[in-house]
Number of protein chains: 2
Amino acid sequence: MQKYYQKIKKTPIFYDMTDFELEKMLECFKAVIKKYEAGDTIIRRGDIITKIYVILDGEVNIEKDSYWGRRIIIQKLHENNNIALSLVASKNTESNVNAICTKDALILILNYEKCSAMCQNACIHHGAFIRNMFKILSKENIELVEKIENISQKSIRDKLLTYLSNESQKNKSNIFEIQFNRQELADYLNIDRSAMSFELSKLKQEGYLDYKKNKFVLKVEV
Amino acid sequence: MQKYYQKIKKTPIFYDMTDFELEKMLECFKAVIKKYEAGDTIIRRGDIITKIYVILDGEVNIEKDSYWGRRIIIQKLHENNNIALSLVASKNTESNVNAICTKDALILILNYEKCSAMCQNACIHHGAFIRNMFKILSKENIELVEKIENISQKSIRDKLLTYLSNESQKNKSNIFEIQFNRQELADYLNIDRSAMSFELSKLKQEGYLDYKKNKFVLKVEV
DNA sequence: TCCTTTTTGTTGTAAAAACAACAGAAATGT
DNA sequence: ACATTTCTGTTGTTTTTACAACAAAAAGGA
C-alpha cells in the first residue's frame, strides 16, 4: 500500500490532505488495492455498492447492455476517476450499469459504509473528504449532461460535430486526441459504426475536419 | 420568509435540521425567496452559478437549445428539487443549459459562495448541509444515467418502452401518470412527436399498453 | 354555451440511419 | 518478415425516422 501513497495523494478524493491525514483516512476506510485485468467486470448490474472505487491506473468503461442486446457506453473512466460514486450515497440502490475493465487496472477500494458510520464525528478529516466527493460528483454530473447533449443531436453528423467540438473545447485546441476507438465512439453516441465512419469521411472530404486514427483536427467553429 | 419555514424544512437540502438550525442556516446563506412566472428564464446558458436554487413550488425544465434550433429537455424539476446544483461546486463554470419556469414557481435562493467562504468552520451545521447536497447530487446523477438509458435505445418503440418501464418501476405500479405532455416527451426522448404518437397508437393496438392523456397502463414486462 | 386555441393522432413522402457484406489498413504475435 | 487478428472504411439495400399537412379531440375563455 505504502508504495502507492504518492499516487493516492494525487486523487481528487484526497485533495488537500497531508501524508499523515491520508494515512489515517486509509486506515479508517480499511483501504485495499485490487488489480483487474482487461475484460474483468468490476461492478455488475444489480450489485449493491457500499464501497468507493478509485482508479489508480488503467481504464474502465461504464456500460449498459440494453434489453435488446446492444451495448451502450455511458462513460469511459481513467486514472483518478471514481467508479459509481453516486451509488454509494443512495444506500440499497442496485447498480443498473456494469463497470468493465478495458485496460489492466489498479483500483483503490474504500469501505465507506464502515467508516461513515463509525467516525462521523471522530475523524476530523471526514469533512474535507465529503467536500471532495461533492466536487467530484458535481463534475461527473456536468459531464453526464454534456453526454446527453452529444447524443441528443438529431443526425449522425450533428452528433459527431457536437462531440468533437466539446472535446476540442476541453483540450483548448482544435487538434486533439479522442479516447474512443470507432466502435466505442459509435456505442457512446448510439449510432451505427459503419454509418459513422461514412459520415466522418464525408466531413473530411467537405473540409470540416481531418483525422487519422484517434487524432482529430477540427477546422470549423460549431 | 417565516411563513415558508415548514415548506423549507421539508426540502432534502435541509434534511435532519431543527427549526433553530434552519433559521441559522438561512441567515448564514442570506436566503431570499423569489417568484417566477411560467415562461420566465431562471438560469440562462452562459450564466456563472454561485447560488443554490431550491424549488418550493412550481415546475422548472432544464433545457438546451441545440445549435440547429431544436429544443432538448434534459430534465423536468418540481417541488424540493434543486436547480443546477452541480454548477455551484465547479466555480467559474458557465452553465451550458437553460432553466425555464414552466409553471408559476417559488424559488428559495441561497448565497452558497458567501457562506462557504465565511463559515466553513464556524457554522456547525455546514457538515450536515454538505452531506445533504452530496446525497442530492447522487440522486440526480442516477437520474441522468437513467435518462441516458432511455434515449440510448435504438428505436422509438424501444425508447418508449424503456422510459415507460422505468416510470412504472419508480411508481411501483403498472398504472402511473407521466410528467410530460406529448411534445415534451418527444423533446425528452429526442424523437419526432408525430412519429411518437403513431408508435404509441401501435403499441396500444398491439396490447402492450393503454393510455389516456398522461395516464398510462403498462401491460408487459420490459 | 359556443368559439378559439392548444394538444394529440393520422397519413404519405422524403430523408436518414441501420444493417450486412466485404475490402483495405493497421496492429499484434511468433 | 509473415500470418493472423483487429480495426476502419466503403457500398448497396432495407428499415426507420423526420417532416409536413391535416384531422380530431380536449381545454380554456368569453
Side-chain angles (χ1 to χ4, degrees), chain A residues 37-39 59 61 66 68-73 76 102-104 150-164 177-206 208-216, chain B residues 38-39 59 61 66-73 76 102-104 150-164 177-206 208-216:
Chain A
E37 286 177 16
E59 190 187 88
N61 275 1
S66 90
W68 296 267
R70 264 175 1 126
R71 173 178 74 162
I72 298 164
I73 296 182
K76 186 183 271 295
T102 48
K103 280 179 192 155
D104 291 5
N150 288 335
I151 65 177
S152 293
Q153 304 304 320
K154 72 167 194 302
S155 64
I156 291 180
R157 168 170 293 222
D158 292 351
K159 285 183 189 184
L160 283 168
L161 287 175
T162 303
Y163 168 74
L164 292 171
E177 217 162 312
I178 66 170
Q179 55 183 344
F180 297 117
N181 66 26
R182 295 291 185 275
Q183 184 61 62
E184 286 181 322
L185 181 56
D187 289 344
Y188 177 83
L189 294 176
N190 304 300
I191 50 183
D192 179 67
R193 183 197 56 76
S194 65
M196 185 186 77
S197 267
F198 183 59
E199 195 65 44
L200 277 174
S201 301
K202 270 206 292 185
L203 284 166
K204 187 195 268 187
Q205 244 183 345
E206 294 172 25
Y208 285 93
L209 47 80
D210 209 346
Y211 61 88
K212 188 162 192 179
K213 278 288 212 179
N214 289 16
K215 201 149 193 165
F216 282 76
Chain B
E59 190 186 86
N61 275 2
S66 90
Y67 187 72
W68 296 266
R70 268 180 352 131
R71 173 177 74 162
I72 299 166
I73 296 182
K76 186 182 269 296
T102 49
K103 281 180 193 158
D104 291 6
N150 289 335
I151 65 177
S152 294
Q153 304 305 320
K154 72 168 196 300
S155 65
I156 291 181
R157 168 170 293 221
D158 292 351
K159 285 183 189 184
L160 282 169
L161 287 175
T162 303
Y163 168 74
L164 292 171
E177 218 162 312
I178 67 169
Q179 55 182 346
F180 297 117
N181 67 25
R182 296 291 185 276
Q183 184 61 62
E184 285 180 322
L185 182 56
D187 288 344
Y188 177 82
L189 294 176
N190 305 300
I191 50 183
D192 179 68
R193 184 197 56 75
S194 65
M196 185 186 77
S197 266
F198 184 59
E199 195 64 44
L200 276 174
S201 302
K202 271 206 293 182
L203 284 166
K204 187 195 268 189
Q205 242 182 347
E206 294 173 25
Y208 284 92
L209 47 78
D210 209 347
Y211 61 87
K212 187 162 192 178
K213 279 285 209 181
N214 290 15
K215 202 150 192 164
F216 281 77

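Quick note: numbers below take in every heavy atom, side chains included, and nothing from hydrogens, waters or symmetry partners. Just so we're on the same page: letters track the sequence lines, and every chain starts at 1. Just so it is clear, the structure is predicted and the values come from calculations on it, not from any experiment.
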Handout entry: Interatomic distance, A:N181 CG vs D:dC7 P [rounded to whole Å]
Key = 6 Å

Exercise for the section: List the steps, then state whether side chain to side chain contact (heavy atoms under 4.5 Å, CB included) holds for A:L189 with A:I156. Expected result: CA-CA 9 Å; A:L189 294 176; A:I156 291 180; over 6 Å; no

Problem - Minimum heavy-atom distance between A:D192 and A:A186, given as atom pair plus value - result: C-CB, 4.2 Å

Exercise for the section: Indicate, with a heavy-atom threshold strictly under 4.0 Å, whether B:L200 touches base, sugar-phosphate, or nothing. Expected result: nothing

Completion exercise
Given the options B:R193, B:K76, B:R71, B:D187 meets salt bridge (charged side-chain N to carboxylate O under 4.0 Å, His left out) only with B:R71

Exercise for the section: Can you figure out which of D:dT17, D:dG9, C:dA27 approaches the side chain of A:K213 most closely? Expected result: C:dA27

Handout entry: side chain to side chain contact (heavy atoms under 4.5 Å, CB included) between A:R182 and A:N214, worked out
Key = CA-CA 9 Å; A:R182 295 291 185 275; A:N214 289 16; 4.0 Å; yes

Handout entry: Whole-Å gap separating P (C:dA16) and CG (A:L189)
Key = 18 Å

Fill in the blank from the handout: Correct closest heavy-atom pair for A:Y188 and A:I151 would be O-CG2, 3.3 Å

Exercise for the section: Take the protein atom CD of B:E184 and the nucleotide atom C1' of C:dT6, then report the distance between them rounded to whole Å. Expected result: 13 Å

Exercise for the section: Could you tell me whether A:K204 sits above the aromatic face of A:Y211, with NZ or CZ closer than 6.0 angstrom to the six-membered ring centre and within 45 degrees of the axis? Expected result: yes

Exercise for the section: Return the value, rounded to whole Å, for the distance between atom NZ of A:K204 and atom P of D:dT8. Expected result: 13 Å

Completion exercise
When rounded to whole Å, the CG to C1' distance for the pair B:L185 and C:dG9 reads 15 Å

Handout entry: Between C1' of C:dA18 and CG of B:D158, the distance in whole Å
Key = 13 Å

Completion exercise
Out of C:dC19, C:dA16, D:dC19, minimum distance to the side chain of A:K154 belongs to D:dC19

Practice task
For DNA chain D, find the residues of residues 192-199 of chain A with a heavy-atom distance under 4.0 Å and give them by number; none if there aren't any.
Solution key: A:R193, A:S194, A:S197, A:F198

Practice task
Would you classify B:I191 as touching base, sugar-phosphate or nothing, given that sugar-phosphate means primed atoms plus P, OP1 and OP2, and contacts are heavy atoms under 4.0 Å?
Solution key: sugar-phosphate

Practice task
Estimate the overall bend of the helix from C:dT1-D:dA30 to C:dT30-D:dA1 from the end axes over five pairs each, rounded to 10 degrees.
Solution key: 60°

Handout entry: Check against side chain to side chain contact (heavy atoms under 4.5 Å, CB included), A:K202 and A:R157
Key = CA-CA 9 Å; A:K202 270 206 292 185; A:R157 168 170 293 222; 4.1 Å; yes

Practice task
Apply ring pair (Phe, Tyr, Trp, His ring centres under 6.0 Å) to B:Y208 and list each qualifying residue two or more places apart in sequence or on a separate chain.
Solution key: none

Practice task
Test B:Q153 against A:I72 for side chain to side chain contact (heavy atoms under 4.5 Å, CB included), laying out the working first.
Solution key: CA-CA 9 Å; B:Q153 304 305 320; A:I72 298 164; 4.1 Å; yes

Problem - Nearest-Å distance for atom pair CD1/P, residues A:I178 and D:dC7 - result: 14 Å

Practice task
Quickly work out the A:Q153 CD to C:dA17 C1' distance and round it to whole Å.
Solution key: 16 Å

